[in-house]
Structures are given as structure tokens and as C-alpha cells.
Trainee: 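Here it is: the structure, laid out below.
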Amino acid sequence: MTLSIEDLEGIARIEKDKRESFTYQINVCVAAGCLSCQSGVLKEAFEKEVSRRGWENWCSVKGVGCLGLCAAGPLISIQPDGTYYRGVGAPDVSEILESLGGAPIPRLDCASSRPFFEQQPKIVLENSGRIDPERIEDYIAEDGYKALYNALRMMRPSEVIEQVLASGLRGRGGAGFPTGVKWTAVAKASNGNKFVVCNADEGDPGAFMDRSILESDPHRVIEGMAVAAYAVGANTGFIYVRAEYPLAVQRVRTAISQARHLGVLGNNVFNSQFSFDINVRLGAGAFVCGEETALIASIEGRGGRPRPRPPFPAEFGLWGQPTLINNVETFANIPPIIRKGGKWFATIGTEKSKGTKVFALAGRVNNTGLIEVPMGTTLREIVFQIGGGIPGDRAFKAVQTGGPSGGCIPEQFLDMAVDYESLASVGSIMGSGGLIVMDDTSCMVDVAHFFMEFCMSESCGKCVPCRVGTSQIYHLLNRITKGEGKLSDLDMLEDLSDLLKNTSLCGLGQTAPNPIMSTLRYFRDEYVAHIEEKRCPAEACKIHEAREAV
Amino acid sequence: MKEPTSLTGKKLGNDANPARIFTMTIDNRLLTAREDETVLSVARQNGIYIPTLCHMEGLSLRGACRLCIVDVKGAPRVLPSCVTLARQDMEVVTNSDRVIEYRRKILELIFSERNHVCSVCVSNGHCDLQALATELGMTHVRYDYLYPKQLVDASHPRFSVDHNRCVLCMRCVRVCDEIEGAHTWDIMGRGITSRVITDLNQPWGSSETCTGCGKCVQVCPTGALSEKGKSVAEMTKRRQFLPYLQMMRGEGRK
Ligand SMILES: Cc1cc2nc3c(=O)[nH]c(=O)nc-3n(C[C@H](O)[C@H](O)[C@H](O)COP(=O)(O)O)c2cc1C
């Protein structure tokens with residue numbers, strides 16, 4: 001017996017009725033950030049107190065995924081009031097329960113961060129912070145697995161791909177390759193046993209979008225993969241997730257077993273000809289294993305080192321078979337696209353970049369956490385409205401996007417609408433979505449130094465330009481940050497950057513110079529100050545202390 | 001699963017699926033090519049010189065040293081000719097200014113990486129790396145030498161490995177795995193700290209998988225792998241066995 005649409009709707013109805021039977025819902029964030037500041041204990045405290053008071057029938061306590069404002073955890077949200085509380089601890093529980101129906105508690109209220117919660121029209125994160133990631137029923141109540149049903153029972157594979165093409169969705173893993181085009185390529189590859197792979201390796205320092213999606217709404221990714229598998233003709237999927245994300249791994253595994261149990265994974269899903277199952281593979285945390293050919297090697301049990309492309313994975317992927325590789329966030333966009341149509345999705349965003357983008361907002365900004373904004377939002381809106389500006393009203397200096405493959409964008413571009421093209425035009429990249437804000441205490445040479453150290457130690461060592469070049473650049477930067485650089489070192493930096501960009505084997509080496517090239521372009525005077533005046537303008541580098549000690 | 005060896009992923013050359021033949025130009029010369037041939041092999045058939053280091057006829061393709069880069073009209077960046085398939089009407093330039101400049105810089109990076117001191121090397125005068133330096137006209141190294149501390153493993157009764165001279169081309173790893181079938185060699189570490197190892201990083205002499213065949217020594221481009229008892233400049237390599245073995249295995253038809 002397979003699952004029918006009536007079964008699915010029945011589950012949704014029961015779940016919704018149950019929700020509506022509660023006057024108040026207390027949603028406690030149990031994603032990794034808040035859990036690490038004891039939100040698990042907090043949730044238990046709420047449950048205990050609610051049952052002690054005998055309020056179980058009208059007040060529910062639910063563990064939910066990420067609420068976004070990670071730095072202010074543990075966070076809770078109270079529905080239907082829409083109150084958000086920050087930094088909540090077990091001692092606050094009684095007071096919060098008492099206040100239900102009355103005015104919010106000023107001490108805990110996130111009122112000052114209102115724009116943060118209100119200026120984000122969410123697609124990928126629509127369920128984050130609202131559903132219990134460990135219960136498939138909660139996902140189904142939010143139209144979960146309807147897209148899969150629609151695809152399997154009402155659309156041909158080619159029609160699914162047409163919707164994805166029409167949506168204009170581009171890969172969220174960094175390069176922004178049109179997702180529909182990639183799906184077409186895999187669908188066209190006629191030979192063999194195809195695979196669908198979800199790239200959840202997320203190795204950029206400071207990025208936690210994919211982790212959060214998997215922790216907050218794992219079924220959405222599973223559904224997206226299943227739709228993709230149907231569209232390209234695959235029967236087996238892999239989620240490659242780094243072992244440093246134990247909670248994400250656990251929730252994905254739970255979700256897969258629930259999906260199998262219910263029958264949305266397995267044989268003849270929704271009584272169709274389509275069969276699909278997903279396996280989880282753990283990565284050991286090497287950044288380069290996020291590169292698709294290295295990731296494939298790693299799943300196959302070989303060392304995680306990229307190989308030259310072509311042939312691309314769409315033609316020659318896992319075990320030599322045609323393979324579709326997409327990022328977590330890319331797959332997470334699929335269910336709403338199939339439910340609401342590609343045209344709807346294409347109305348959001350800019351001309352060439354459609355939909356929204358999830359960013360991990362970090363650094364010198366008041367509201368650090370996870371945000372989702374439409375493509376085309378300006379950096380100023382992100383930093384000063386959603387991000388709430390810079391602590392202590394210090395001077396803004398730059399935003400770094402794209403992690404070790406990205407660049408630093410100075411103040412003059414604050415009003416630039418963010419999309420794949422605009423970021424590239426100023427020497428950065430969209431990347432997977434890390435967004436680090438810097439103020440006048442951040443030294444740009446030090447930033448370049450930090451990222452180059454990262455690239456040097458994460459280089460796989462296969463091709464010469466990346467293996468030796470990153471090391472040479474690192475040593476040059478090291479010298480400059482110590483106040484021992486020469487002006488000619490700057491030429492050497494530019495020269496090596498050009499070499500790496502043009503001759504490295506994979507994206508790691510090709511983009512590793514971006515942090516240097518962009519800081520050299522916009523903040524050359526800081527480099528010169530380190531070299532000529534032996535002075536770090538932001539007083540972040542060690543030269544200062546060394547000189548004072550003398 | 002091996003890296004793709006045929007690049008096209010299909011078996012060519014049978015009646016049902018004949019290989020396509022077309023023309024292309026390399027350095028403005030009109031040449032014919034078959035669809036499963038790389039730019040490097042077409043160039044070599046026609047006596048056009050492209051330097052290589054990690055590439056070795058008879059071993060799997062690797063595309064890692066980046067010395068064989070060429071300019072291809074329409075491509076956004078230079079391409080490694082050893083793993084780039086010939087295409088109809090492709091226009092390749094093997095000696096543009098930027099290609100020559102990039103090759104020299106890459107070669108200098110290799111020299112800066114470890115301790116390549118020719119005058120005291122067993123392979124002096126018979127070394128692929130040294131020959132490349134001459135061919136590419138390398139007169140000095142513009143980068144700082146990194147002078148890493150590297151070890152020598154002389155525990156094997158007949159051979160020794162001097163990591164100071166290793167360029168991480170992986171020829172030894174590939175020949176041992178693909179031709180000898182022993183897979184004694186592999187690589188450990190990452191990036192600049194990568195190092196070739198025998199077994200699970202055990203001394204070569206205590207390796208339980210090494211057959212002592214010496215193929216790794218013969219294919220090594222530098223003095224990193226050598227026979228014991230050779231003094232400075234005495235180590236010459238004999239690689240004639242490779243095409244022969246490949247042919248015996250029926251894979252070497254090119
Ligand atoms: C060094 C390097 C690291 C990468 N890391 C990731 C990663 O962590 N997650 C990811 O989705 N893509 C990563 N990518 C991009 C993948 O190679 C691939 O393009 C992507 O998974 C394709 O999915 P998309 O089309 O949905 O973006 C990385 C690429 C490079 C060169």
C-alpha cells in the first residue's frame with residue numbers, strides 16, 4: 001500500500017487541528033546556535049511548568065528550527081502574538097507564562113530588532129522557526145511533500161524541468177549555475193544508473209546557512225532531492241554532510257527514516273513508477289571536499305581531491321555515472337517552485353538572479369544571525385536595517401562576501417543591489433552566503449592574511465599553482481602584517497594572484513586570490529601603511545605592540 | 001573507481017560507434033585529430049613541443065602540474081592540454097606570451113617549494129625538472145625559497161626516497177597502482193604539507209606490499225626516487241617498459 005494524496009491531506013488536517021486547539025504556542029529554537037546556550041534545558045523547563053500549571057490543552061511548547069537572530073539566543077517566539085524573546089533562560093519561564101495575553105516583557109523583548117524579523121520575505125526559511133524539524137507531520141501541515149505529489153502524479157519529468165528553468169533558479173553553492181540547465185544535462189545523459197547528490201559540505205569559515213536549513217527543515221531538502229531525482233531519472237541520492245554538523249546529521253537521518261516509513265521515499269512513491277532512496281555520507285571537514293569532483297571522490301571512498309573538468313559530473317559523476325550535484329539551499333528552493341510555479345519564483349529578485357538568498361550575517365554588526373532577503377536587496381539594507389548597524393556606531397569599512405573565495409566590498413558600493421553579477425563586478429562573489437561586516441577596527445591586510453592562511457591549509461595539494469602559490473602568498477602577507485614587507489611585495493602579490501586565478505585546477509585555487517585582489521584594489525593604502533610607515537591603521541596587526549615594546 | 005581515463009567516457013573505434021575525425025589548428029597549423037585525442041597528443045604527433053611534468057604516457061591522466069597549459073580560442077582561461085580533448089575547428093596556441101610566462105612562473109614555484117640542489121643530486125643531468133628549466137629558459141627563481149625540512153627514507157634495501165627532490169607528480173603512485181598493481185605508494189597530508197608515503201606511512205623497507213619492482217624509481221622525474229649506490233649525476237631512468245606494458249594490457253592503443 002502506498003501513500004495517497006488523501007493520506008497526506010489527512011495528516012495535514014490532523015496536525016493543523018491540533019495546532020489550532022492551542023491558544024498559545026511557545027516555539028523554542030533548538031537549532032545548534034541556541035542549543036549551545038541551553039535552549040534544550042529551556043524547552044524542558046517550559047514543558048514542566050506548563051504541565052505543572054495544567055495548561056497543556058491550550059498552551060503548546062515546541063522545539064523549532066532557527067529563528068535567525070543567532071547571537072541573541074536562546075530565542076523563543078510566542079504565537080499568535082508574534083512576540084520574540086531573546087536570551088531567555090529557565091528562570092524566565094514562569095514570568096513569560098504569566099505574561100501570556102498581556103504586554104511583552106520589555107527586558108526580554110526583541111522589539112529593537114523588529115526590522116530583523118519583519119524585513120525578510122522567506123522562501124527557503126519559510127518553515128524555519130515555525131515547525132518541529134523532527135516531525136514529518138509538522139512539515140506536511142505546511143504543504144510538505146505536495147510538490148513531490150504534484151510532480152510525480154501530474155507532471156512529466158520534462159515539465160518539472162521546465163518549471164525549474166522558468167523559475168530562473170541558480171545554484172546556491174557559489175557559482176550560480178542555472179539549476180534547470182544542469183538538470184537538463186543530467187536528464188539528457190542517457191546511460192546508466194544516475195545519482196542525485198546534495199552538497200552539504202559547507203566549509204567556508206563563518207557560513208552556516210546549509211547547516212541551519214538541515215537542522216530546521218530537513219524534509220524540504222529531501223523533497224527537493226526527490227523532485228530532482230524524478231526530473232533527471234535517478235533512483236539513488238546522497239547527502240554529503242560534514243561530520244562537524246552532528247545535529248544536522250541526526251535530523252537528516254531522522255527525517256529520512258520518517259520519510260521512508262511514510263512512503264515518500266522508497267518504491268513507487270505516491271503509487272507512481274518512481275522509486276527513490278537517500279543515503280547520508282559524512283565528510284571529514286576538508287573545505288575542498290565541497291568542490292563537486294572532490295566530493296564525488298570522497299563519497300567513492302577515495303581521497304578528496306578535485307579532478308579536471310570536463311567531463312562534468314552530469315556526464316561522468318559518482319562511479320562514472322551521470323550525477324546531479326546541487327547545494328542544500330538550491331534543493332530547498334525546489335518544493336515552493338513546483339507548488340507555486342516557476343513564474344511566481346521569477347517575479348522575485350533581479351533580472352538575472354531570481355528568488356532569495358540566505359546569508360549568514362556576522363562580524364561587526366548588531367544583529368548577527370541568519371537572514372533571507374530577495375536578490376537585489378542592497379548591502380545598506382542588509383547591514384543597517386536588518387543587521388541593525390554597527391555596534392558602538394563605529395565607522396563602516398567593508399563587507400566581505402563569499403568567504404575565502406570572495407572579496408571585501410568597500411563603502412562606496414553600499415547601495416549596490418546584491419546579485420551574482422553585481423558582486424562579481426566589484427571583485428567578490430555571492431559564494432555560499434557568508435557575509436561579514438567590518439568596521440574601522442578591522443585591518444584589511446589582516447583579513448587577507450586570515451583567508452590566505454585558510455586557503456593554504458585547505459589546498460588539497462594536487463596542482464602546483466594552488467599548492468605552492470597559496471603558501472608563497474601567505475608568506476608575503478605574513479611579512480607585511482609583521483611590518484617587514486617591501487613595496488615590491490605588492491607587485492608580487494598581484495602577480496601570484498593572477499597566476500592562481502588563471503592556472504589553478506579547481507575553484508579553490510582560482511578564487512583564493514580574491515580576498516587579496518579586492519583589498520589591494522580598495523584598501524591599498526593600508527598595505528602601504530604597513531610597509532612604509534610600519535603601522536597598522538586599524539591597530540589590529542602585531543607591529544604596533546612590537547614597536548611599543550621597544 | 002578510477003579517474004576517467006578515456007575523457008569521453010565511451011568506447012570508441014568500433015564499427016557501431018566509429019570515432020569522428022576532424023581538423024583543428026595548433027599554432028596556425030592545420031592538423032587532423034580524432035575525438036578521443038587530447039590536444040597534447042595531437043601536438044606531439046605533429047612534433048609540436050608542449051612541456052609536461054606530471055603527465056606520462058601509459059599512466060592515467062592527472063592534469064595537475066599545469067605546465068602543459070595552452071591558449072584555446074574562446075576559453076576563458078588557459079587549459080591543460082594533457083586533459084583537454086581536441087574539438088572540431090579548435091584553435092590552439094601553445095606559445096603565446098602569457099602561456100610562456102605562466103609556465104615559467106609555475107616552474108619557479110616548483111623550484112621554490114622544496115630543496116632542489118642540482119649540484120649534489122643523483123639525477124643531475126638526467127632530470128626532467130632540470131631539463132624543463134633549461135627548455136623554458138628559467139634563469140632564476142623570483143619567489144622566496146621555502147626551504148622546508150624534508151626527510152630521506154633509505155630503509156629499502158635497493159632504493160631510497162628523498163623528499164627534498166619530490167615534486168608530487170604522483171607518477172610513482174600511479175605506476176605502482178595502475179601497472180604493478182601493488183598500490184604501495186600513496187599521498188598523505190594536504191596542500192604544501194603533502195607527502196608521498198609507502199603503505200600507511202611506514203618506512204619503505206618495512207612495506208608489506210612493495211614488490212621491489214622499481215617501476216616507481218624509473219618513472220620518477222627527479223632524484224626523489226633513486227637506486228642505492230648511485231652517486232651524484234649517476235642515476236639515469238629507464239622507462240622503456242611503460243608503453244610495452246600498456247600495450248600488453250590492450251589499453252595503450254592511441
Ligand atoms: C573549493 C570549493 C568549495 C566548495 N564548497 C562548496 C560547499 O561547501 N557547498 C556547496 O554547495 N558547494 C560548494 N562548492 C561548489 C560545488 O563545486 C558545486 O558547484 C555546487 O555544489 C553545485 O551546486 P549548485 O549548482 O546548487 O550551486 C565548492 C566549490 C569549490 C571550488
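Here is the naming used below: chain letters follow the sequence lines, and residue numbers restart at 1 for every chain.
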Trainee: How close do Val468(A) and Leu109(B) get, heavy atom to heavy atom, and via which atoms?
Mentor: CG1-O, 3.4 Å
Trainee: With only heavy atoms counted, which part of Ile192(B) is less than 4.5 Å from chain A, the side chain, the backbone, both or neither?
Mentor: both
Trainee: Considering only heavy atoms and a distance below 4.5 Å, find which of Leu476(A), Val288(A), Thr470(A), Asp498(A) pairs most often with chain B.
Mentor: Asp498(A)
Trainee: Below 4.5 Å from any heavy atom of chain B, which atoms of Arg479(A) appear? Answer side chain, backbone, both or neither.
Mentor: side chain
Trainee: Could you check whether atom CG of Leu487(A) has more than 12 heavy atoms from other residues, nucleotides or ligands sitting under 6.0 Å from it?
Mentor: yes
Trainee: Does any backbone or side-chain atom of Ile296(A) lie under 4.5 Å from a heavy atom of chain B? Answer side chain, backbone, both or neither.
Mentor: neither
Trainee: Restricting to non-hydrogen atoms, name the atom on Lys501(A) and the atom on Arg77(B) that form the minimum distance, rounded to 0.1 Å.
Mentor: O-NE, 3.2 Å
Trainee: What are the two closest non-hydrogen atoms of Arg66(B) and Pro465(A), and how far apart are they?
Mentor: CG-CD, 3.5 Å
Trainee: So which part of Thr293(A) gets closer than 4.5 Å to some heavy atom of chain B, the side chain, the backbone, both or neither?
Mentor: neither
Trainee: Are Leu146(B) and His475(A) close enough that some pair of their side-chain heavy atoms sits under 4.5 Å apart?
Mentor: yes
Trainee: Within this structure, what is the CD-NZ distance for the pair Gln472(A) and Lys105(B), rounded to the nearest 0.5 Å?
Mentor: 13.0 Å
Trainee: Has Arg104(B) got more than 12 heavy atoms of other residues, nucleotides or ligands less than 6.0 Å from its CZ?
Mentor: yes
Trainee: Given a strict heavy-atom distance threshold of 4.5 Å, which part of Arg98(B) is in contact with chain A: side chain, backbone, both, or neither?
Mentor: side chain
Trainee: Is the shortest heavy-atom distance from the side chain of Arg467(A) to the side chain of Leu168(B) under 4.5 Å?
Mentor: yes
Trainee: Closest approach of Pro308(A) and Gly63(B), non-hydrogen atoms and distance?
Mentor: CG-CA, 4.2 Å
Trainee: Sort Glu458(A) into side chain, backbone, both or neither according to what part of it lies under 4.5 angstrom from a heavy atom of chain B.
Mentor: both
Trainee: Counting only heavy atoms not in Asp491(A), do more than 12 fall under 6.0 Å of its CG?
Mentor: yes
Trainee: Walk me through whether Arg142(B) and Met492(A) qualify under side chain to side chain contact (heavy atoms under 4.5 Å, CB included).
Mentor: CA-CA 9 Å; Arg142(B) 73 195 77 186; Met492(A) 191 66 100; 4.1 Å; yes
Trainee: For side chain to side chain contact (heavy atoms under 4.5 Å, CB included), just list the numbers for Val78(B) and Thr503(A), CA-CA rounded to whole Å, side-chain angles, deciding distance to a tenth of an Å, and then say yes or no.
Mentor: CA-CA 7 Å; Val78(B) 293; Thr503(A) 65; 3.9 Å; yes
Trainee: What residue in Leu67(B), Ile187(B), Ile69(B) has the most heavy-atom pairs under 4.5 Å with chain A?
Mentor: Ile187(B)
Trainee: Report yes or no: does Arg190(B) contribute a side-chain atom to a donor-acceptor pair with the main-chain N or O of Gly461(A) at less than 3.5 Å?
Mentor: no
Trainee: Which bit of Ser504(A) comes within less than 4.5 Å of chain B, counting heavy atoms only: side chain, backbone, both or neither?
Mentor: backbone
